[in-house]
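Worksheet for the structure shown next.
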Amino acid sequence: MATPGKVPILDRAMRVATGIVAGGALVAMLAIFVFLLRDSWPSIQYNGGHFLTGITWNIGNLYGNSMSSHNGVQAPAGATYGILPFILGTLLSSLIAVVLAVPLAVGIGLLLVEYLPRRLGDSLSFIVEMLAGIPSVVIGLWGLAVLIPWIGRDFGPWLQAVLGFIPIFRGPVGSGQGLLASGLVLAVMITPIIAATTRDVLRQTPRETKEGALGLGLTRWEMIRAVSLPWSASGIFGAVILGLGRALGETMAVLMVSGSAVNYLPQNIFSPIGTMAATIVSQLDSAMTDPTGMAVHALAEIALVLFVMSVVVNVPARILLSSAVRRGGDAQ
Amino acid sequence: MNVTWRRVKDRIMLALAALMGIIILVPVVGMLWLVVSHALPALSFGLFTQVTVGTGGGLANAIVGTFYVVGLGILIAAPLGIMAGVYVGEVNPGSSIAQFVRFTTDVLAGVPSIVIGYFGYVTLVLGLGWGFSTLAGAIALALIGIPYVVRSTETALSKVPRGMREASLALGASQTTTIWRVTLREALPGVVTGVLLALSIAIGETAPLLYTAGWSNYMPNLRLTHAPIGYLTYVVWTFINEPFASANSLAYAAGLLLLILIVIVNVAARRIVARSRMGR
Amino acid sequence: MKLSWRNGGIVAALASALLLTVAGCGSTTAQGSQGPIALQETGSTLLYPLFQIWVPAYTKDHSGVKITPQGTGSGTGIADAANGTVQIGASDAYMATAQMSADPGMLNIPLAISAQQIMYNVPGLNQTHLHLSGQVLANIYTGKIAMWNDPAISALNPGVQLPALKIVPIHRADGSGDTFLFSQYLSFSAPSIWAGSKGPGYGTTISWPSVPASISATGNGGMVEALQQNKGGIAYVGISYLSQAVRYGLGYAAIENKAGQFVLPTAQTISTEANSLVGQTPKDERVSLIYGPAQGAYPIINYEYAIVNARQASPAMAKAVRQFLSWALTSGNKATYLEQVHFLPLPPAIVKLSEAQIAKVQ
């Protein structure tokens, strides 16, 4: 593409400058990673693999004088740090969110691009984009004031009655706080993100192909199935991964509706849960009173695990997406 | 296949899609109603002119503080994000560095904001000794916003037809001129939308600011370090938890102002996109 | 208007010019700090409302100082006071001995006396002030007592028709001084269940036993909210929130003290408890006021602490801190301020101890 021979100085400077800034993103991430690793190192030494499989989170007796020691690192007596409940809470609530959000978002995307007249579509589009921008504390307020009582009194018992033959829907509905509420709040938060991207990729479906399909006598839905959805599948998949990433790391809104369970695994869809991000926020204050600093190190390790988790989600998504894009490029 | 059944199926799918559209309205309307109805007692002119005094007063300090810390954050995030986006989308799109940067920004976008906040607390507030300060908050917000700017810049650039670039280069323009005059200009709506997305995310953030910007009852001064600053999300998060009715309605009023700001940002984004369409 | 890049360029140029100006001003004002001294307070969300009442009253008469209080949490208050980010940390709990040895320069200065009530939402009985003991509360929070008409509760409340209603134990989701007080009361009053190696023990965050019906809430406001929404709920709530909760129609319990009496939190019973423990308050004032032995004393009370580093950044700063804290102990301890949050003034002997500690701030 570039002309062979001398590259003008200005161009070279521009390339170097943008390259440095782009590299800055790498440096920033690396810095965060190194920082998290350094800060969680004592916890990694103290806990070992038990950190990921343990169920009990107990920052120990801070007002006692005895210390417990492990691999040469000190922590308050009785301290155990196990985050399996938080890992499960994070994964399960995000899973519920994605399962609910995908049909919603795809439906909205189709509505916006294929069905609604432009004007109406624009208003709905605007509402969806606004929803994406609503601060998570406000969504949390709504979850707390409206969603939770509704689940506790109406939706939960109904769900239990209708789907109670499936084990995860059995068991006490409780207050409405918990896995289901977290999943719903997360679904509300990630639906607009997925929907907006879905809309954008659907819009890029070649018009000639669509019109051709309709001209062949296909109904609109058949056209969507035969043309639009296959054409946009990889883009939608990328959007879903983006949404999943957001759900995994969402903090404030989940903190307000999850029930902040510590020390036990979710039993059913109504169980109180804790998520990794929400636990970091809710426990940071207490952790700061630990004179050995181990509780803060353990929270840093949660952040590290979450960080690694988002890498793990992104790598396969990237590989899949880039191959899908390449295929799309060839077809063009 | 039966023609009527195909028609019916088409209708069913339309109805389902419409249902999805209606379902998503429920939380939006619910949130608006919740916030507006609770904010009413606190709405007055003084909200915009007075600072927070004790458990009541106005939100002038938080409003100005939000503009200040968010604006500064975007001033940091936008140029850096656009430059990185240009590199990834235009200068060297196929390179392994670009691949890596794309991947990095995706991961960075997924890092919980509290982690960014704590990172800022340890490195800027304590490490550099800035204390709770505007700059620490702005940098935390910039770190959160940059991935969105990079991503949308790159996407917008990738949509620019190849022919436009080639024409410009064939006319003898340098790559820098081509990017500045042709490609970026063509991609500008997408870039600006990305910046506005980062802006609306920054406006709504709470967790990263609690540990970097702190909070202040007073109007912000121009000191970038060693002076905490107020912002609206703090009011929502903290005042909702107070035993005083005046503080509670102030929290909802702050929530309402945040919603209004988000609407303004979104309207701005749409106008930019619409205008650029018309201009073409 | 067609959006052009040139316009964009102008905007960007203006923006960066603004940034530079701001940065320039910032550094100049940072050097010449002639203005008022700015103090920062952060920490306990229970003390935060009192600081919000104190600060406007104080700064009205003392124009040379600006004070910004912030509600973050006791742990943050202690940590930020220790690392110098803020001048005054606020905490519901005194610093532990191990913590003191990690940060030896820290002072724990009581500013007022607070209490905690046990609240419940049992329709029909919210005016009754049910009697509850530490033993029963511990059994409720471990799930052994699950219904309001459990014989153990009936035995404490003769003549009261208790409903067959499920108990919803509510606890704090975030780390909290309130959790510290409540779990300390359970540890002292029901040691066989709550203390020891098997029990949850006490702290700002504890490992709550798994009870299916139980829920968690953030902040005292969240506790009141959750209680209001859950019939059969029971929750521990800081006394600042008492009038709000009573306005919502929630009930609060008479709690068994060490002398075996069931006592409501009133100014009278709280000062009885406080006065009986004055003699046990050491010079550094780090002491638990929970479950004292006196007759007629309410068993869940505490000092609300200012956590202050004895060595401040500058003499001027130290003076400002001393003046504000002394004011808080004298003029600030008046009922007009404290009553709004149901706190009680410190006994004179404790004021003396606190003043001696304030004098150490340099």
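Because only heavy atoms are used, hydrogens play no part in the values below, and waters and symmetry mates are left out as well, while side chains stay in. Lettering of chains follows the sequences in order, A, B, ..., and the numbering in each one begins at 1.
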Over 12 foreign heavy atoms within 6.0 Å of NE2, A:H70: no
- prompt: Could you give the distance from CD (A:Q177) to OG (C:S214), rounded to the nearest 0.5 Å?
  reply: 9.0 Å
- prompt: Who among A:T292, A:T289, A:L255 has the most heavy-atom pairs with chain C under 4.5 Å?
  reply: A:T289
statement: Honestly, the part of C:Y94 sitting under 4.5 Å from a heavy atom of chain A is both
message: How long is the straight-line distance from CD of C:Q99 back to CE of A:M288, given to the nearest 0.5 Å?
response: 12.0 Å
field: Heavy-atom contact with chain A under 4.5 Å, split by part of C:A79
entry: side chain
- request: With a 4.5 angstrom heavy-atom cut-off, could you sort out which part of C:A173 is near chain A: side chain, backbone, both or neither?
  value: both
statement: Among residues 271-287 of chain A, those lying within the under-4.5 Å heavy-atom range of chain C are A:P272, A:S282, A:Q283, A:D285, A:S286
field: Contact origin within C:T205 toward chain A - heavy atom pairs under 4.5 Å
entry: both
message: Please classify the contact of C:S101 with chain A as side chain, backbone, both or neither, using a heavy-atom distance under 4.5 Å.
response: neither
query: Between C:Q229 (side chain) and A:P149 (backbone), is there a donor-acceptor pair under 3.5 Å?
result: no
task: Sort C:M95 into side chain, backbone, both or neither according to what part of it lies under 4.5 angstrom from a heavy atom of chain A.
output: backbone
Flag, side chain of C:T218 to backbone of A:M256, donor-acceptor distance under 3.5 Å: no
